[in-house]
Chemist: 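Take a look at this one; I'll ask things after.
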Amino acid sequence: MLHESSDNAAFPRLTEEELACLEDIGTVRQFSDGEQLFDLGEMDYSFFAIRSGAVSILDHSHGEPREVALHEANSFAGDVDLLTGRPAVISAVARGDCETIEVTACRIRRMLGEIPSLSDKLLDAFQLRRARLEASGFLGIRLAGSSHSKETMHLQEFFYKNKVPHTLFDTDTDAGKELLREWDVAEDETPVLGCGKRVVRKPSLADVAECLGICRDIPDELYDVLIVGAGPAGLAAAVYGASEGLRTLVVDRMGPGGQAGQSSRIENYMGFPSGLTGADLANRGYLQALKFGAQFTAPVSVASIVRNDNGVHVVSFCTGQKVRTRTVLIATGASYQRLPLDACERFEGMGVYYSATSVEARLCRESTAVVVGGGNSAGQAAMFLSQHANDVRLLLRGNDLRKGMSSYLADRIEKQPNINVMCHTEICEMAGDKHLERVEIRNNQTEERATLECPSAFIFVGAKPHTEWLPDSVALDDRGFVMTGPMIHHHDKLPEGRTPCELETTSPGVFACGDVRSGTTKRCAFAVGDGALAITCVHQYLQ
């Protein structure tokens, strides 16, 4: 059991001053022994500070409830879903007669804003509690499917980016087959999701979001800024926009993180000398934006943008919902392209991957992993995979590891004994039955060929911008990236007599930031700075 005395950061004590502030915002409530404060799956549940008595936290993921924490006087019940607005993954029950201070869901952000010392304490505790809950054997959402299935991998990516606790039951194992029998599901109906008491066969991301309570109806109000894309640039813009009082809405077709969220380790981002994963960085930015009042919904993609005569943009989503906003910020980023091989698309999610996280790493344990690319993302992937695979082959088209990679990372790769850097080398063929089994590589100078037995190839080449959804009024360069500021001063799509802000596009009130913007440096820190600059441009436009 996770007890308060085991970790002061995860289970901090509230001071009398903090409790007094909470009483000003909340309501004093009494609970009898065994009475429930909130239940598993409950939406918009309250925050409870405990004046006297104790509150037991119960995990129901194994069927029978088990106690995972006990909160006593001067502590509080709750975790990160108080901020995200998702359903409770645990329940809380009074132990003995209990006096609490209840702060309802609609007042939680006010609480964080008005009591700064409590805000930091709660945010740290919420995240640590969730991490410790998952480490305690918590199953979360049960997903049954083949680990080599493209659909299963797609669902795992969604869970990974949205920080949804889950457990994969591989249907190639006895445990997976047993779960299918329990659910009375045939293997050709997988992947299948166990969400509370529901079993959902072959769910779409929309089905998953509905099941988890992630995607909600968007309020019918006029927003100051709609941010499309929740990578580092979009999240930074959300933090600055919301903290400066702009009515801010963020949408994403997958979840927070973008391309950086797929990085196994970022070590050159200022302020984190020991490094952190892209998912951790994204989650911190996501929670920070929520704390300041930004609204977030996923999975959502934009179907159309129309600018009315009064300057308000009406944005239609794939869900059928429409949003009115004074400005739009394009932060959809870019993703790595496929190799020019017919088999590359066929093996996507079944041996060919464009990220290297814990989800993909377990598929190449004690085998050979092939990484293609010469940038930092490829280098970070190679280092991360070297902890799981016996042998990592890093393929470069050229012969200079430092041409596109940070020097510290190149030095580390050269010293890693199970990473083999292969210069002037490309993949020319991929083969396998149901999933990738081997690749044929070619030296582009000598034409010498060789075959590598490997279950996974990680591709980090040729970033392609996500701009296919944009209206014709937004000008793109010859590679499909969004043109902004000085580069469009004389563009024929720019309305006559208009001088755009630095990050404004040829469509007035529509801005772009991060990797999707033409001429940017594809670095995480640059994207964050670009997102902050975009909000400055939004302010100038609104004034």
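Since we're looking at a predicted model, the values are computed, not measured. When a residue number appears, it is its place in the shown sequence, counting from 1.
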Chemist: Using 30° and 60° as the class limits, which term best fits the ring planes of H148 and H435: parallel, tilted or perpendicular?
Modeler: parallel

Chemist: Of all the heavy-atom pairs spanning P191 and T152, show the shortest one and how long it is.
Modeler: CB-OG1, 3.6 Å

Chemist: Using the rule given for side chain to side chain donor-acceptor pair (under 3.5 Å), can you reason through Q380 versus S377, listing the C-alpha separation, both sets of side-chain angles and the distance that settles it, and then say yes or no?
Modeler: CA-CA 5 Å; Q380 289 160 355; S377 294; 4.7 Å; no

Chemist: Could you check whether atom CD of E502 has more than 12 heavy atoms from other residues, nucleotides or ligands sitting under 6.0 Å from it?
Modeler: no

Chemist: Quick one: pull up CG in L276 and CZ in R284 and give me the separation to the nearest 0.5 Å.
Modeler: 6.0 Å

Chemist: Any pair with a residue in residues 459-488 that passes ring-ring contact (aromatic ring centres under 6.0 Å, His included), sequence neighbours left out, goes on the list, sorted by first then second residue, please.
Modeler: Y336-F460

Chemist: May I ask you to decide if E426's main-chain N or O and N444's side chain share a donor-acceptor pair within less than 3.5 Å?
Modeler: no

Chemist: Distance check, rounded to the nearest 0.5 Å: L452 atom CG versus D391 atom CG?
Modeler: 8.0 Å

Chemist: Quickly, which of Q295, R326, R247 forms a side chain to side chain donor-acceptor pair (under 3.5 Å) with Y223? Name it, please.
Modeler: Q295

Chemist: Where is the tightest heavy-atom contact between L363 and P455, given as atom of each residue plus distance?
Modeler: O-CG, 3.9 Å

Chemist: Would you say M153 and M350 make side-chain contact, with heavy atoms under 4.5 Å?
Modeler: no

Chemist: Give a yes or no on this: more than 12 heavy atoms of other residues, nucleotides or ligands lie within 6.0 Å of atom CZ of R479.
Modeler: no

Chemist: Which distance, rounded to the nearest 0.5 Å, do you find between the NZ of K415 and the CD1 of I413?
Modeler: 12.5 Å

Chemist: Taking the basic N atoms (NZ, or NE/NH1/NH2) and the acidic carboxylate oxygens, is any pair closer than 4.0 Å for D411 and R402?
Modeler: yes

Chemist: Might you confirm whether atom NE2 of H154 has over 12 heavy atoms from other residues, nucleotides or ligands at distances under 6.0 Å?
Modeler: no

Chemist: So how far is it from M43 CE to D81 CG, rounded to the nearest 0.5 Å?
Modeler: 9.5 Å

Chemist: Just so I know, are the side chains of N162 and L212 near enough to count as touching, which here means a heavy-atom distance under 4.5 Å?
Modeler: no

Chemist: Is D220 salt-bridged to R324, going by a charged N under 4.0 Å from an acidic O?
Modeler: yes

Chemist: Please give me the minimum heavy-atom distance between A512 and T484, naming the atom from each residue.
Modeler: CB-CG2, 3.9 Å

Chemist: To the nearest 0.5 Å, what is the distance between CZ (R86) and CG (L83)?
Modeler: 11.0 Å

Chemist: Under a 4.0 Å threshold between the charged nitrogen and the carboxylate oxygen, would K464 count as salt-bridged to D515?
Modeler: no

Chemist: What I want to find out is whether R129 reaches D79 closely enough, with some N-O distance under 4.0 Å, to be called a salt bridge.
Modeler: no

Chemist: Within a radius of less than 6.0 Å around CD of E448, do more than 12 heavy atoms belonging to other residues, nucleotides or ligands occur?
Modeler: no

Chemist: Under the salt bridge (charged side-chain N to carboxylate O under 4.0 Å, His left out) test, which residues partner R109, sequence neighbours left out?
Modeler: none

Chemist: Can you see which heavy atom on A463 is nearest to which on A334, and at what distance?
Modeler: CB-CB, 4.0 Å

Chemist: Got a sec: does the NE2 of H489 have more than 12 other heavy atoms crowding it under 6.0 Å?
Modeler: yes

Chemist: If every non-hydrogen atom of C364 is compared with every non-hydrogen atom of L385, which pair is closest and at what distance?
Modeler: SG-CD2, 3.8 Å

Chemist: Give me the atom names and distance for the closest heavy-atom approach of A294 to A242.
Modeler: N-CB, 3.7 Å

Chemist: Other residues, nucleotides and ligands only: do more than 12 of their heavy atoms fall within 6.0 Å of OH on Y240?
Modeler: no

Chemist: How long is the span from the CZ atom in F526 to the OG1 atom in T520, to the nearest 0.5 Å?
Modeler: 5.5 Å

Chemist: Using the rule given for side-chain contact (heavy atoms from CB on, under 4.5 Å), can you reason through V225 versus F511, listing the C-alpha separation, both sets of side-chain angles and the distance that settles it, and then say yes or no?
Modeler: CA-CA 10 Å; V225 58; F511 304 84; over 6 Å; no

Chemist: Quick check: does any side chain N or O of T425 sit under 3.5 Å from a backbone N or O of C423, one acting as donor and the other as acceptor?
Modeler: yes

